[in-house]
Protein chains: 2
Amino acid sequence: MKTVTISDIAAKAGVSMKTVSRVLNREPNVREEMREKVLAVADSLNYKPNFSARSLASKKSFVIAHWHNNSNADYTSRVLEGAHQACRSAGYFVVSEQLSAPYYETASAYLDTYSVDGLVLSAPLADDADLLQFLLERNIPFVRISPGTQPGISCAAYIDNSGAAKRMTQLLIDAGHKHISFICGPPNHMASQQRIQGFQNALKGAGINCEDCPIYSGDFSVKSGFDTYTNAIAKQKQISAIFAANDAMAVGVVMAALKHGVNIPDDLAIVGFDGSQLSHTIWPQLTTLYQPVSEMAEAITQSLLERIRTGKIDNTPLEFETYILRRDTM
Amino acid sequence: MKTVTISDIAAKAGVSMKTVSRVLNREPNVREEMREKVLAVADSLNYKPNFSARSLASKKSFVIAHWHNNSNADYTSRVLEGAHQACRSAGYFVVSEQLSAPYYETASAYLDTYSVDGLVLSAPLADDADLLQFLLERNIPFVRISPGTQPGISCAAYIDNSGAAKRMTQLLIDAGHKHISFICGPPNHMASQQRIQGFQNALKGAGINCEDCPIYSGDFSVKSGFDTYTNAIAKQKQISAIFAANDAMAVGVVMAALKHGVNIPDDLAIVGFDGSQLSHTIWPQLTTLYQPVSEMAEAITQSLLERIRTGKIDNTPLEFETYILRRDTM
DNA sequence: AGTCAAAATGACAGCGCTGTCAATATTTGA
DNA sequence: TCAAATATTGACAGCGCTGTCATTTTGACT
């Protein structure tokens, strides 16, 4: 089966190769009738473009890399799914890579070997200062999902962390809780700070004494939630609800509370933040806040492709809606 | 910064482009001193090969696709990691794709658009008869991880399911359990059948009455483990241990048992099979059987690359060792 | 030294496409 | 109506590499 090339199309349509190329690449300055004729011929010949040739001639790779340093495979796979979705129609490949520290060195080695047209960075890698500076210097297009720092240096997908945390806290308050503990993530993580902010706003709005609502910090791992409950919260019997800044820590709290024989949610309500797979894998199922990770990834990847195509930089952040998934733990 | 090409190397080394190409591609029939000189010059010029050009000229894509239909992101990410590992040194890309049903149609559409040199299929996709036939017909090199059917049609990575299940069962028996229930996976899944086999072998070897040890079937999901315990096992007080054919179902059992107020492991021992991330995320941590998924993927990918490079087909299965991770639930 | 096969090397076309720039067609405006 | 401006199209080189096949070198054996 002979490969069909644009020169075959050109011959059959009675135009030049370049015109065929223009049509296929949606370039401007082609008459409508020409476009239609070429498209029809291409279709009749069952033409499939050759990426390598395109890539060689145009010096683009048609590869988008997704880099992460997140051991949460569920989160990563949702990001990847969205990125794929965006790339499929544009004819781009996505390769997903778990980057190892030191990030910018690994990145540098990677980019020496493979050529990529753009990068999708997901949190917390999206906040690695060295890596960001490196990418900026090398002038490699990148976008970020839920970065916590340096807003404005790239296009990014966000959720309203503060607002969402406030709504979640309000839910707890409405249920009558007055002693609510919050477990936040790493202190340098802006998203976590924003969630604390929303938590405290809700408390203030309801006239609840912040001193009754201690804040602890974990590291976003299941273990840190488990340990925080065990070491710090278990003995404080007046605390009737715990809000963890992500699902993994919330699950850790659930597990630790279960171990202490606590009745969930009657004696202790627990809520998380993420809408992760894990949140409904466990029993009791976790009440959490759903983030549309896959949609965020798709949109941000689309904007990356747009930037690559047009060369125009538009760093307007994309904000996404979240909603509470109310389940067993409150 | 001008791109360094093989013709630059050729000029500086005083040889022809073709000789440089031979050296760079490890082709035979190059004198040792020539090889060394070329390599030295390439290094001094900091030469980086151009994939597109190579690909265009050689009609290879240097892309390996990993296809799966597994919603278990943890498992998939471990496979991907291994595949990456194998491809990195060979200069291949890996793209990972969740294939949607009907598989062979999606596959066909995918291969019409993208060109790939080979495929890594992970279970249960590795057992889709239509897809396999399609790949065989199109003569696309592929390898499989833990296939349950049609051994011999491709190179594959295996573990000794029966032997491993036997060892795990023996552990339970040695701890004094005489009423052990087994939850298997989908009946057409050979790995699951082999695990049942091993379970029953151990029972027989210990002279335990199989009728005291009922077998139920789930679908490898957390929910099916949860439901099986709740609907079928909970009321059988004599059952003192449950062996689930994978971690997800075992976790479901743990969760359901927790919900029933059962004391684990004193009143009920539970063991899984996989060594998944999930197994140690929950409390109590699950005793499980570790499978070296990532290593399996790496080895099998290596053999795929070998087949692509040499054209030689060697479908000798690769068998891997497993070991029991003993934790809280038994 | 001479012969011949095998090993090593090189010349060169061309993979399929796009960028550049020149050529031609069409529209605009006076 | 005609020149100038603009839109559309085409010719062709060449992206960096490998496959093919011809040529040269080497080594083994008379």
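Since the model is a prediction, treat every value here as computed from it, not as a measurement. So that the names make sense, note that chain A is the first sequence line, chain B the second, and so on, each numbered from 1.
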Q: Should B:Thr3 be listed as having a side-chain N or O under 4.0 Å from OP1 or OP2 of D:dG16?
A: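 Looking at the OP1 and OP2 atoms of D:dG16, one of them is under 4.0 Å from a side-chain N or O of B:Thr3.
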Q: When you compare the side chain of A:Val95 with that of A:Tyr114, does any pair of heavy atoms fall below 4.5 Å?
A: no
Q: I'd like to know if the side chain of A:Asp117 reaches the main chain of A:Phe62, judged simply by a donor and an acceptor atom lying under 3.5 Å from each other, with no hydrogens or angles considered.
A: yes
Q: So, the side chain of B:Asp128 versus the backbone of B:Leu125: is there a donor-acceptor pair under 3.5 Å, distance only?
A: no
Q: Taking atom C1' of D:dG16 as reference, at what distance in whole Å does atom NZ of B:Lys60 sit?
A: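 Checked: the NZ to C1' distance equals 16 Å.
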Q: Enumerate the side-chain hydrogen bond (donor to acceptor under 3.5 Å, both in side chains) contacts for residues 307-319 of chain B, please, sequence neighbours excluded, ordered by first and then second residue.
A: B:Glu306-B:Arg309, B:Asp314-B:Thr316
Q: Taking CD from A:Glu27 and P from D:dT9, how many angstroms apart are they, rounded to a whole number?
A: 12 Å
Q: Reading nucleotides 8-14 of chain C from the 5' end, what letters show protein touch, with B for base, S for backbone sugar-phosphate only, - for no heavy atom under 4.0 Å?
A: SBBB--B
Q: Between atom CG in A:Leu56 and atom P in C:dG19, what is the gap in whole Å?
A: 12 Å
Q: Could you summarise the pairing of DNA chain C as dot-bracket text, marking Watson-Crick and G-U pairs under 3.5 Å with ( ) or [ ] inside the strand and | across strands?
A: ||||||||||||||||||||||||||||||
Q: Rounded to whole angstrom units, what separation is found between the CG atom of A:Asp8 and the C1' atom of C:dC15?
A: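 Those two atoms, CG and C1', are 13 Å apart.
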Q: Quickly work out the A:Ile6 CD1 to C:dG19 P distance and round it to whole Å.
A: 11 Å
Q: Verify the contact: side-chain N or O of B:Lys59 to OP1 or OP2 of D:dC17, cut-off strictly under 4.0 Å; return yes or no.
A: no
Q: State, yes or no, whether a side-chain contact exists between B:Asn69 and B:Pro124 at a heavy-atom distance under 4.5 Å.
A: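 Sidechains of B:Pro124 and B:Asn69: in contact.
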Q: Indicate yes or no for a side-chain donor-acceptor contact from A:Thr106 to the backbone of A:Ser100 under 3.5 Å, with no hydrogens or angles considered.
A: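 Yes: the side chain of A:Thr106 pairs with the backbone of A:Ser100.
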Q: By side chain to side chain donor-acceptor pair (under 3.5 Å), which residues pair with B:Arg144, not counting sequence neighbours?
A: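 Result, side chain to side chain donor-acceptor pair (under 3.5 Å) vs B:Arg144: B:Ser154.
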Q: Could you tell me the separation between the CG atom of A:Leu24 and the C1' atom of C:dC17, rounded to a whole number of Å?
A: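 In whole Å, C:dC17 C1' lies 10 Å from A:Leu24 CG.
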Q: Please determine, by modelled atom types, if B:Thr76 and B:Asn70 share a side-chain donor-acceptor pair under 3.5 angstrom.
A: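 No, no side-chain donor-acceptor pair sits under 3.5 Å.
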Q: Near DNA chain D, counting only heavy atoms under 4.0 Å, which residues of residues 44-53 of chain B show up?
A: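 Nucleic-acid contacts, sorted: B:Tyr47, B:Pro49, B:Asn50, B:Ala53.
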Q: Whether A:Arg54 contacts C:dT18 is assessed here as follows: a side-chain N or O lying under 4.0 Å from the phosphate OP1 or OP2. Is that the case?
A: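 Yes, within the criterion.
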Q: When you get a sec, tell me which of C:dC15, D:dT18, D:dC17 is the closest nucleotide to the side chain of B:Thr5?
A: D:dC17
Q: Would you say B:Ser55 and B:Ser52 are linked by a side-chain donor-acceptor pair, where the criterion is simply a distance under 3.5 Å?
A: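 Short answer, no.
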Q: Under the ring-ring contact (aromatic ring centres under 6.0 Å, His included) test, which residues partner A:Tyr47, sequence neighbours left out?
A: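 Expected list: none.
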Q: Counting only heavy atoms not in B:Glu295 (residues, nucleotides, ligands), do more than 12 fall under 6.0 Å from its CD?
A: yes
